[in-house]
There are 2 protein chains.
Amino acid sequence: MLKPVQKKSLSDSVFEQLRAEIISGRMEPGSTLPGERVLCEMLEVNRGAVREALKRLEQARLVSVQHGGSTTVLNFRETAGTDLLSTLLVTPEGELDTQVARSVMEMRSALASDIARLCAKRGREVAGPLAEVVEQMGANRKDLVALQALSLSFWGLLVEASGNVAYQLAFNSLRDSYARFSHLLTRVLADELTDLKNYKAICEAIAAGEAEDAEFYSRDLMEIGERQIVRVLDTLDRVKE
Amino acid sequence: MLKPVQKKSLSDSVFEQLRAEIISGRMEPGSTLPGERVLCEMLEVNRGAVREALKRLEQARLVSVQHGGSTTVLNFRETAGTDLLSTLLVTPEGELDTQVARSVMEMRSALASDIARLCAKRGREVAGPLAEVVEQMGANRKDLVALQALSLSFWGLLVEASGNVAYQLAFNSLRDSYARFSHLLTRVLADELTDLKNYKAICEAIAAGEAEDAEFYSRDLMEIGERQIVRVLDTLDRVKE
DNA sequence: GCTGGTCAACTGGTATGACCAGTTTGATTT
DNA sequence: AAATCAAACTGGTCATACCAGTTGACCAGC
């Protein structure tokens with residue numbers, strides 16, 4: 001399968017470079033960035049490119065820039081939003097950050113169960129489309145990659161029907177993080193993806209408006225995958241020592 | 001109390017204007033934005049300002065711009081991160097969006113209980129500083145505004161000690177949303193803020209490493225505030241009809 | 001009739017150099 | 001020592017030119 005080649009603009013490169021410096025900690029929170037004109041020289045680009053990159057960093061809450069003053073590095077852990085997760089998931093060395101991965105899995109479990117609960121409470125109309133997805137999962141029970149996509153659809157429907165935008169936005173960030181490593185997780189999540197019984201149970205609980213059941217089965221389902229992934233992460237950590 | 005006046009740059013204004021158009025739905029997802037040069041004319045600013053604003057919109061995942069092609073509006077509900085919450089909390093008319101507020105409160109409850117649980121599991125060393133905050137809360141039990149700040153410190157410590165970056169980043173967005181209306185919530189949250197017994201119970205559960213207790217008391221505490229706020233939100237909705 | 005090439009007219013991306021507007025600094029004045 | 005003020009920073013705005021992808025109409029050539 002061929003993928004579209006990714007093309008980066010200058011300001012994108014500048015942005016990524018500065019972001020890496022900040023996230024890695026090489027630029028400490030509170031320290032000041034070089035002036036725009038200096039950055040131009042160092043990076044050998046024009047000032048417009050630098051400014052566009054700085055605006056993006058500001059939007060991501062990684063830096064704070066003030067007219068006349070200087071641009072300072074923020075403590076992103078205390079300011080950034082969840083959209084930074086997919087970036088944090090990759091260490092400066094390009095490897096998977098296991099601690100961040102654990103965080104993502106924990107959040108996934110917590111959100112999923114509450115999403116299902118809310119859905120049973122006030123989004124029962126989604127049970128129909130949901131059942132269709134589960135049916136397709138049944139038809140593709142041997143194709144893990146297809147199941148991955150269907151599972152994402154399943155939870156996408158659920159989170160939308162939950163009527164909770166906060167969860168939806170957090171879900172977006174989790175999904176983006178997931179996308180970065182989905183190919184590695186296909187097999188690790190096999191048990192969860194093929195647990196059709198649980199998907200159906202969630203579906204039925206929502207259709208029946210049984211919030212507690214929906215919450216219970218979701219938590220159960222999530223814990224299956226979380227357990228497996230944590231096991232892999234623990235192994236990874238042990239190997240690296 | 002005087003507050004520093006906020007000074008907006010041109011690109012900030014452009015950004016906010018376009019963001020409002022997108023969030024309000026006046027610009028539909030999938031539709032294309034006018035070209036940069038056209039925007040310049042319409043907004044009467046130079047192209048640099050427009051481009052900086054577009055970069056920020058891109059970073060916030062509200063639009064997608066491609067070289068040579070056109071700039072299209074994204075469905076922010078399916079792409080943005082939690083940092084958009086504080087913006088969504090205010091309707092185009094400048095009022096509080098009660099549905100978003102409910103979402104925020106629900107997420108708060110879900111996160112808080114899991115944060116406390118994780119803290120008891122692997123962040124017990126925070127019990128000391130935590131106890132200090134609780135002690136200060138006791139000393140200021142009559143000053144609701146002080147209690148608000150201390151409560152934020154309490155949860156800030158907790159989320160940091162939980163060792164879960166995903167929760168920390170989500171917490172940042174919740175905190176920002178909260179900040180916008182904290183003055184209105186001072187009295188509504190009075191019962192929660194003065195429930196010292198519960199704060200202490202959480203504190204002790206964490207010190208003892210009792211994850212289930214920490215989770216239970218947190219959920220209990222959050223539900224106090226959530227119940228009150230939901231009651232107010234329901235009233236607001238009823239009045240507006 | 002289809003494929004593939006070419007070209008013009010879009011779109012956004014980069015570059016430059018000037019100037020405006022706040023902030024900081026430090027020498028000067030009181 | 002404290003207040004003052006002007007240079008020398010910093011970022012913000014601007015106009016203009018040109019580079020670089022994208023699109024679609026058009027036109028060979030098989």
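The structure presented is a predicted model; accordingly, all values stated were derived computationally and were not measured. Convention: sequence-line order gives letters A, B, ...; per-chain numbering from 1.
- Remark: the B:Tyr167 side chain and the A:Glu106 side chain contain no N/O donor-acceptor pair separated by less than 3.5 Å.
- There is no side-chain donor-acceptor pair under 3.5 Å between A:Thr194 and A:Arg141.
- Looking only at atom types and distance, the side chain of A:Asp176 has no donor-acceptor partner in the side chain of A:Ser173 under 3.5 Å away.
- Using a 4.0 Å cut-off between charged nitrogen and carboxylate oxygen, A:Glu160 and B:Arg77 do not count as a salt-bridge pair.
- A donor-acceptor contact closer than 3.5 angstrom is absent between the side chains of B:Thr32 and B:Ser70.
- The distance from atom NZ of A:Lys7 to atom P of C:dG12 is 15 Å, rounded to the nearest whole Å.
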Reading 5' to 3' through nucleotides 9-19 of chain D, protein heavy-atom contacts under 4.0 Å coded B for base, S for sugar-phosphate only, - for none: -BBBBBS-BB-

